[in-house]
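Here the structure comes first, spelled out in structure tokens, and everything after it is commentary.
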Amino acid sequence: MEKIFPRAFRLLFAEPAGKNVCRLSIRKGGSKIAALCLLVFCAVPAFSQSDTSQFVIPRKIFVGDVAELNFNFRSSFELFEEDPAVLEKELPLSSLPFSSDSEEFTLHSLILKRNGQLYTAVFKFTPWTPGSIRIPVFDLLSVMGKKSAVPLEIVTQPVDVQSILAEVSEAELKSCAGPLLLPGTIYLVWGMLFLFVALLALSIVIVIQREKLSLFLKNLSLSSAYARNSRRAQRELKRLENKSEKFNAEEFALLFQKIMRKYLSERLGFPFETITSSSIVLTVGEAFGGFLEDARLEAVEELEGAFRRADYIRFAGKNELLSEEERKNLIQIARSLIMSFEKPNTGAKDA
């Protein structure tokens with residue numbers, strides 16, 4: 001109190017030089033009376049109810065809502081004297097003279113904020129009963145752990161809590177009626193259920209047989225690729241046969257070899273573009289793992305012979321002629337080999 005009203009203490013109490021004991025110093029006239037009146041006022045709370053105000057958020061509170069009560073007041077006490085830079089402080093609920101969890105409400109937190117001499121106590125609470133509830137009166141200094149002969153009582157006004165039943169009718173609180181079923185709905189439901197079970201069973205089969213399914217899809221993809229390669233080679237041979245007269249013997253032999261080398265490379269997965277004509281039979285045998293049935297072996301040998309003839313025409317250095325009959329024979333040899341490769345092999349596994 002001496003810190004708050006130092007002038008009053010100086011007027012009533014004098015401290016002689018060199019002594020630590022206070023004694024009453026009787027002053028003259030009105031100074032003593034004024035100081036005494038000031039100390040009398042110190043015996044009352046530090047603020048009056050006219051200096052306070054409060055508001056709640058939200059303005060309309062229902063049972064079970066989390067609300068805030070903001071209680072504003074002015075005080076000459078320095079409540080943040082330990083750390084003047086602090087603008088707000090959360091106070092311990094255990095220091096309150098009442099229970100923070102009662103049948104009327106549950107107090108979640110109490111925060112004290114400062115703005116100059118204006119303070120705001122923020123109560124965050126949840127009401128549990130409708131009607132008027134009020135936070136009990138308490139000494140703020142005691143809650144903050146401060147000792148003072150003058151209490152700083154926080155006296156809040158009652159807060160009105162409403163019930164949800166006052167806002168809505170009983171019919172609105174009832175559960176919704178079940179949906180109305182249209183004609184045929186039950187069949188649609190059963191159909192969707194059957195489809196779901198079928199998809200679930202299919203998924204289980206796919207998971208269990210995933211290796212076999214993967215192999216099947218791989219073989220299907222390879223078969224499709226082989227079929228496209230075969231059709232392309234057949235079309236190019238047909239085009240070469242129809243336009244045979246436009247090419248001389250060397251050009252015809254070169255195109256014939258290109259078509260068949262490309263077919264064999266994509267069909268067997270070996271680089272036949274760089275393989276010599278004399279290695280055709282050996283390379284095809286390696287691609288098939290050394291197992292070739294007689295019909296395929298005979299077709300490969302005929303193709304190697306056709307490649308040797310084409311090489312002779314290309315590199316002999318003479319103007320070799322290639323008759324129309326011989327050209328048709330070369331194309332027929334190529335077609336026979338393609339047909340023998342594309343039909344199912346009963347003697348051994350395919351490449």
Side-chain angles (χ1 to χ4, degrees), residues 1-16 19-25 27 31-57 66-127 133-159:
M1 192 181 300
E2 182 179 356
K3 292 181 180 181
I4 303 172
F5 303 101
R7 185 184 178 100
F9 269 79
R10 286 199 300 270
L11 290 174
L12 285 178
F13 297 95
E15 201 176 277
K19 293 184 179 181
N20 296 324
V21 181
C22 294
R23 65 181 179 83
L24 181 63
S25 177
R27 301 294 179 93
S31 298
K32 175 183 175 181
I33 297 174
L36 186 59
C37 292
L38 186 58
L39 287 178
V40 170
F41 279 108
C42 290
V44 298
F47 59 87
S48 64
Q49 289 301 313
S50 61
D51 295 330
T52 65
S53 64
Q54 74 176 38
F55 63 92
V56 293
I57 302 174
V66 177
E68 282 189 4
L69 170 62
N70 290 262
F71 182 79
N72 302 316
F73 63 92
R74 292 182 180 274
S75 175
S76 57
F77 284 102
E78 178 54 58
L79 302 179
F80 291 75
E81 60 183 1
E82 297 85 357
D83 192 354
V86 174
L87 297 179
E88 66 177 54
K89 181 185 299 184
E90 185 171 359
L91 304 182
L93 299 180
S94 58
S95 300
L96 292 171
F98 57 88
S99 175
S100 61
D101 190 5
S102 64
E103 294 182 356
E104 291 186 345
F105 65 89
T106 296
L107 184 61
H108 302 295
S109 64
L110 171 56
I111 299 176
L112 182 64
K113 300 181 180 180
R114 178 185 65 169
N115 185 8
Q117 288 189 344
L118 178 63
Y119 293 88
T120 302
V122 182
F123 301 86
K124 189 174 182 180
F125 68 100
T126 300
I133 65 171
R134 185 175 184 176
I135 296 177
V137 180
F138 63 92
D139 180 12
L140 181 59
L141 296 177
S142 177
V143 173
M144 297 182 68
K146 299 178 181 292
K147 294 182 180 181
S148 176
V150 180
L152 186 60
E153 292 185 340
I154 302 297
V155 184
T156 63
Q157 299 299 316
V159 177

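Only a predicted model underlies this, so the values are computations on that prediction, with no experimental measurement involved.
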So how far is it from F98 CZ to L93 CG, rounded to the nearest 0.5 Å? 8.5 Å
When rounded to the nearest 0.5 Å, the distance separating CZ of F123 from NE2 of H108 is 14.0 Å
Minimal non-hydrogen separation, V137 against P97, with atom names: O-CG, 4.3 Å
Less than 4.5 Å apart, any side-chain heavy atom of V155 and any of R134? yes
Residue pair L79 / K89: nearest heavy atoms and the distance that separates them: O-NZ, 4.3 Å
Does the side chain of L87 come within less than 4.5 Å of F80's, by heavy atoms? no
Between OG1 of T156 and CG of N70, what distance do you get to the nearest 0.5 Å? 12.0 Å
Considering only heavy atoms from C-beta outward, does the side chain of L140 approach that of L112 to under 4.5 Å? yes
Assign the ring pair F73 / Y119 to parallel, tilted or perpendicular, where the plane angle (0 to 90°) is split at 30° and 60°. parallel
Separation of L141 CG from L152 CG (nearest 0.5 Å): 4.5 Å
Could you tell me which non-hydrogen atom of Q54 sits nearest to which non-hydrogen atom of P158, and how far apart they are? NE2-O, 4.2 Å
What distance do F71 atom CZ and T52 atom OG1 have between them, rounded to the nearest 0.5 Å? 4.5 Å
Say you draw a straight line from CD1 of I111 to NZ of K124; how long is it, rounded to the nearest 0.5 Å? 8.0 Å
Side chain to side chain contact (heavy atoms under 4.5 Å, CB included) partner of I135, the single match among L96, I154, L69: L69
Is any side-chain heavy atom of F138 closer than 4.5 Å to a side-chain heavy atom of L110? yes
